[in-house]
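Position 1 is the first residue of the sequence, and the numbers go up from there. The analysis underlying the following values was restricted to heavy atoms, covering all of them including side chains, and did not include hydrogens, waters or symmetry mates.
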Amino acid sequence: MTDANDAASTASATDANASADSPNGATDTEASGADDDDDVTVTPYAVEGDVDYGKLLERFGADRLTDEQVERFPDHPLLRRGIYYAGRDVDPFLDAAAAGETHSIVTGRGPSGPMHLGHVMPFYLAKRLQDETGAHVFVPLSDDEKYLLKEQSSEEIREHARDNLRDLLAVGFDPERTRFVIDGPDADAVYPTATRVAKRITPATVEATYGEPPNVGLSFYPAVQATHLLLPQLLHGPHPTLVPVAVDQDPHVRVCRDVADREAFDVRKPGALLGKFLPSLEGPGKMSSSADAPGIELTDDPEDAREKIMQYAYSGGRVDVEEHREHGGDPEVDVAYQLLYYFLEPDDERVERLAREYREGELLSGELKQLAADRLAEFLRDHQRRRDALGPLAEELAPYRLTDEERRQLRSAVV
């Protein structure tokens, strides 16, 4: 599965089989719609422009989460504050979780560099859900996709994967209910299913959903991606699966849902939990390792991360203190506030009070940055403490890997 904070499709697909839950008999991939705003790009590999999250739902055909659905999830700021704001087939997952029945979460990582704050958000959310509901969690690492997409050697990708795995282990998943699946080393388990999935995906669907692939490897990758999302059901039988990802990843889910409709697969359509982008330090838009302003990497020294906030975080304040006191600032575009709102400040009353004081000019931009920098440093110290306490990677990872029996099961799962 590709990176949880990468990008999603703007085009519609042309797969002929209809989905029962899409409007007018359209498939899930057809529900994506065309991009009618030339200044906005939302593709599997790029996000540019001012993203309108409401319009994305119209284009992708997903449903906004209701208050009742949010209340049924385990409590988490990313959910109750609407960062994860939409989904597909969320109710079956919630029903299974409430009844103590089998249910799973899939969210993955594309190992092309160090992990940053935007990358790790869905993993901490998945851990919260696992802790509260007992969900199985599958974490695919798409080393193959990143090799095909990036100008990096196989060894560079492998090194990034090893580094990313230490960050993922530091999240603290339950090894009895968690599997890390790495496409290259686990090809014996992934590839047989991917070839059978590939037979059910047309070239027209791939091109309409992702654009024209730059090489034949990326033409095949949607089949691997769909396999990632089916892994829990191939191992544990048909059951509700939820995929918490940034909204740009929705095309992967839609393609898989179309595949899951086929009679050849004894699976249910995977559901999705779609989230907004963590803003980059330079302002609106998602946090990216390739942006002009630096990202906050999970391995950053906490004091260096503090300095990044103080120096680079886009401010919603006024040009000077006097004007700010008189007119106030805008927390909606202020990056320091947004970081607190997304997940660094867990107390809802406090985060609302900060927004009010900032709008009224009582709280200055520098003071808001200081608060965000303090919370960020605390988060990084906690994460790095767990990361540093890990032993050799192979030993730590072993309980999370597919067993021999699971590998045999996956090799024979699809007929």
A.B. asks: Could you verify whether a donor N or O on one side chain and an acceptor N or O on the other, from Y358 and D334, lie under 3.5 Å apart?
C.D. replies: yes

A.B. asks: Test L298 against every option in H383, R166, R387 by the side chain to side chain contact (heavy atoms under 4.5 Å, CB included) rule and name the one that passes.
C.D. replies: H383

A.B. asks: Run the salt-bridge test on R162 and E159 with the 4.0 Å N-O cut-off and return the result as yes or no.
C.D. replies: yes

A.B. asks: Would you find a donor on one side and an acceptor on the other, under 3.5 Å apart, between the side chain of Y341 and the backbone of E352?
C.D. replies: no

A.B. asks: Taking the ring of Y337 and the ring of Y314, is the distance between their centroids below 6.0 Å?
C.D. replies: no

A.B. asks: More than 12 heavy atoms of other residues, nucleotides or ligands under 6.0 Å from CD of E349: is that the case?
C.D. replies: no

A.B. asks: Using a strict 4.0 Å threshold on nitrogen-to-oxygen distance, state whether D75 and R80 make a salt bridge.
C.D. replies: yes

A.B. asks: Evaluate the side-chain proximity of T133 to P74: yes if any heavy-atom separation is below 4.5 Å, no if none is.
C.D. replies: yes

A.B. asks: Would you check if the side chain of R318 reaches a backbone N or O of G328 as a donor-acceptor pair within less than 3.5 Å?
C.D. replies: yes

A.B. asks: Going by the side chain to side chain contact (heavy atoms under 4.5 Å, CB included) test, name the single residue among L273, D250, D63 that passes it with R88.
C.D. replies: D250

A.B. asks: Side-chain donor-acceptor pair under 3.5 Å between T178 and Q130, yes or no?
C.D. replies: yes

A.B. asks: Is any NZ, NE, NH1 or NH2 atom of the basic residue among D261 and R257 found under 4.0 Å from an Asp or Glu carboxylate oxygen of the other?
C.D. replies: no

A.B. asks: When you check the gap from the basic side-chain N to the acidic O, do R72 and D91 get nearer than 4.0 Å?
C.D. replies: yes

A.B. asks: Donor-acceptor pair, distance only, cut-off 3.5 Å: does the side chain of Q69 make one with the backbone of T66?
C.D. replies: yes

A.B. asks: Any salt bridge between E332 and R359, counting N to O under 4.0 Å?
C.D. replies: yes

A.B. asks: Would you indicate whether the side-chain heavy atoms of D301 and L380 approach each other to under 4.5 Å?
C.D. replies: no

A.B. asks: So does D188 pair up with R411, basic N to acidic O under 4.0 Å?
C.D. replies: yes

A.B. asks: For the side chain of D174 and the backbone of E176, is there at least one donor-acceptor N/O pair under 3.5 Å apart?
C.D. replies: yes

A.B. asks: Just checking K150: does its NZ atom have more than 12 heavy atoms from other residues, nucleotides or ligands closer to it than 6.0 angstrom?
C.D. replies: no

A.B. asks: Quick one: do K269 and D89 make a salt bridge, cutoff under 4.0 Å?
C.D. replies: no

A.B. asks: Whether the side chain of E367 engages the backbone of L364 through a donor-acceptor N/O pair (distance < 3.5 Å, no angle test) should be reported.
C.D. replies: yes

A.B. asks: Heavy atoms only: give me the nearest D186-F180 pair and the separation to one decimal.
C.D. replies: OD2-O, 4.0 Å

A.B. asks: Between D167 and R109, is there a salt bridge with N-O shorter than 4.0 Å?
C.D. replies: no

A.B. asks: Give a yes or no on whether the backbone of A313 and the side-chain of K369 come within a donor-acceptor separation of less than 3.5 Å.
C.D. replies: yes

A.B. asks: Looking at Y84, is K276 sitting on its ring face, NZ or CZ under 6.0 Å from the six-membered ring centre and within 45 degrees of the normal?
C.D. replies: no

A.B. asks: Run E151 and K146 through salt bridge (charged side-chain N to carboxylate O under 4.0 Å, His left out) and show every step you take.
C.D. replies: CA-CA 9 Å; E151 295 297 325; K146 291 307 179 185; over 6 Å; no

A.B. asks: I'd like to check V197 versus V224 (side-chain heavy atoms, cut-off strictly below 4.5 Å). Are they in contact?
C.D. replies: no

A.B. asks: Give a yes or no on whether the ring-centroid distance for H136 and H236 is below 6.0 angstrom.
C.D. replies: yes

A.B. asks: Under a 4.0 Å N-O cut-off, is there an ion pair linking E405 with R408?
C.D. replies: yes

A.B. asks: Taking the six-membered ring for Trp, are the ring centroids of Y147 and H160 within less than 6.0 Å of each other?
C.D. replies: no

A.B. asks: Between the side chains of H252 and Y210, does any donor sit under 3.5 Å from an acceptor?
C.D. replies: yes

A.B. asks: Between E378 and R381, is the salt bridge (charged side-chain N to carboxylate O under 4.0 Å, His left out) condition met? List the steps.
C.D. replies: CA-CA 5 Å; E378 180 182 355; R381 279 193 294 268; 5.9 Å; no

A.B. asks: For the pair R179 and E406, find out whether any cationic side-chain nitrogen is under 4.0 Å from an anionic carboxylate oxygen.
C.D. replies: yes

A.B. asks: Do S104 and H239 have a side chain donor and acceptor closer than 3.5 Å?
C.D. replies: yes

A.B. asks: Looking at every heavy atom in both V137 and A126, which two are closest together, and how far apart are they?
C.D. replies: CG2-O, 4.2 Å

